[in-house]
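To start, the structure under review is shown below, and the notes come after it.
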Amino acid sequence: MTARTIFEPFRIHSVEPLRITTEAERRLALEAAGLNLFKLPARDVLVDLLTDSGTGAMSRDQWAAIQHGDESYAGSPSWSVFLEAVQELFPFKHVIPTHQGRAAERIIFSLLGGPGKVFPNNTHFDTTRANIEYTGAEAVDLVIAEGRDPAALHPFKGNMDLEALDELIAERGCESVPAVFVTITNNTGGGQPVSLENLRGVRAICDRYEVPLFLDACRFAENAWFIHEREPGYDGVAVADIVRELASLADGMTMSAKKDPLANIGGWLALNDDALADRCRNLEILTEGFPTYGGLAGRDLEAIAQGLKEAVDHDYLRYRIRSTAYLSDGLQRAGIPVLQPAGGHAVYIDARAFLPHIEPLHYPGQALAVALYLTGGIRSCEIGTVMFGRQPDGSETPAAMDLVRLAVPRRTYTQSHIDYVIEIGAEIAERSRDLRGLRITWEPQTLRHFTARFEPLRMSV
Ligand code: F0G
């Protein structure tokens, strides 16, 4: 018997129209944006796979929860609902709400960072790295070797290289390592999960050196689903229990509620250390707000609390992970090399392998992202030399990989939207030799991928 289709465990309740554009219109929009897809007006995009962050569809029950939003400045009932939902899954002593994940990062790294400090992670996300480097500290990526090879197959490609972590702390001294971070799932390394076994190994090293362990837990539910599916002994364990086990191994976490918690905005910092939590709250008041709302409206706190309950539902997660794998399978059938295995929230095209005639410093990922938009109105995101090539000393080097991420917003697009994306990928694959590299004509000092401007290289280059 063939396996049955895993379909969306929901019906559509409200629709948003898409504006169909022509290639000529898209060419004009691209030129105005300096070939930078972050600068495109979203109304000029057909299928927006730029990010899965804050772009998901909320449920009926989340919209209903919003009506319970209480906008009291201090001690709102919505804060209690939020706190209870967070601690149900992540039983840390202190929960500090923030307007999004990077605000939690800014608070914790301004207190723990500074020159001479080093923060290991499996792979730092770009805002995490930027917030660390902004304090003068160093961000070091220590994912296992398989996690740096797009074609390597490994069930937990987001795992930390335990030997390298041990060596780094021994070499730099534990007083220079204020915390170890583990990103679940490892977004920049391909949305790949971390196993509980590996996290226990990280915990043991942290215990030995008395260094705290923090989770960057944006995609905790997808990571827990992969553990449920792939880690021996966990197929009968509820995802919510797996999440609690992940949390029990850490001393704190940063979170963007725009990802797995199924909200459009929000985040938090959570930790067990009383004294550090006090200092975090003091800093939070400066820029985020009073510690019972942290830059969020009461209604946002309600939407997040309800989203957290839905995020660990097995039928939802089975559909979620399958729909991402469906996109990955289709692109591979069209002859496009994609990072193996498919990630939880996104498919990553290996642009360096797909466009070997474009050298890394001519940005093969950006060239492909531009082609996907021009051909089909699909917005994707380069994660490669544009994002990571500029070094703190001003030099430019190729990133470890040149990927193009197609991030799948949660509960937003249907299977036919995804079939369309696969068709556009197949069209580009047929004429991939014609794609040209780019050069940057303007860039800012940090996080250049958001605002840099590009132009195509001439054929003779
Ligand atoms: N950590 C990870 C692993 C992330 O993926 C993100 C955001 C953040 C932290 C920061 O959270 O956006 O709420 O401030 N990632 C988005 C993305 C932007 O497209 O992958 P934020």
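Fair warning: this is a prediction, and the values are worked out from it, not measured in the lab. In listed order, ligands and their atoms are each counted from 1.
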Could you list the atoms of ligand 1 found under 4.0 angstrom from a heavy atom of [X]?
{"X": "Glu105", "result": "1 (N), 8 (C), 9 (C), 10 (C)"}
{"X": "Gly101", "result": "11 (O), 13 (O), 14 (O), 21 (P)"}
{"X": "Arg219", "result": "3 (C), 4 (C), 5 (O), 17 (C), 20 (O)"}
{"X": "Lys258", "result": "13 (O)"}
{"X": "Thr183", "result": "3 (C)"}

Describe, in one word, how the ring planes of His314 and Trp225 are oriented to each other, choosing from parallel (under 30°), tilted (30 to 60°) and perpendicular (over 60°). perpendicular
Using the ring of each side chain (for Trp, its six-membered ring), is Tyr348 parallel, tilted or perpendicular to His345, with breaks at 30° and 60°? perpendicular
For [atom], which protein heavy atom lies nearest, and how many Å away is it?
{"atom": "atom 10 (C) of ligand 1", "value": "Thr127 OG1, 3.5 Å"}
{"atom": "atom 13 (O) of ligand 1", "value": "Ser256 OG, 2.6 Å"}
{"atom": "atom 8 (C) of ligand 1", "value": "Phe125 CD2, 3.5 Å"}
{"atom": "atom 21 (P) of ligand 1", "value": "Gln100 NE2, 3.3 Å"}
{"atom": "atom 7 (C) of ligand 1", "value": "Lys259 NZ, 2.6 Å"}
{"atom": "atom 1 (N) of ligand 1", "value": "Asp216 OD2, 2.8 Å"}
{"atom": "atom 14 (O) of ligand 1", "value": "Arg102 NE, 2.6 Å"}

Using a 3.5 Å cut-off on N or O atoms only, is Thr51 in polar contact with ligand 1? yes
Are any of the N/O atoms on Asp52, whether in the backbone or the side chain, positioned under 3.5 angstrom from an N/O atom of ligand 1? no
Nearest-0.5 Å distance that lies between atom CZ in Arg60 and atom CD in Gln306: 9.5 Å
Look up atom OH in Tyr319 and atom OG1 in Thr324, then write down how far apart they are to the nearest 0.5 Å. 8.5 Å
For Leu83, all residues meeting side-chain contact (heavy atoms from CB on, under 4.5 Å), sequence neighbours excluded: Trp79, Gln87, Val95
His417: what forms a ring pair (Phe, Tyr, Trp, His ring centres under 6.0 Å) with it, not counting sequence neighbours? Tyr413
Side chains of Asp300 and Tyr293, donor plus acceptor under 3.5 Å: no
Glu310 versus Ser59, side-chain donor and acceptor atoms under 3.5 Å: yes
State, to 0.1 Å, how close Asp402 and Glu382 come at their nearest heavy-atom pair, and which atoms those are. OD1-OE2, 3.7 Å
Could a heavy atom of Gly267 be found less than 4.0 Å from some atom of ligand 1? no
So, the side chain of Glu284 versus the backbone of Thr98: is there a donor-acceptor pair under 3.5 Å, distance only? no
Between Met255 and ligand 1, which residue portion shows a heavy-atom distance shorter than 4.0 Å: side chain, backbone, both, or neither? neither
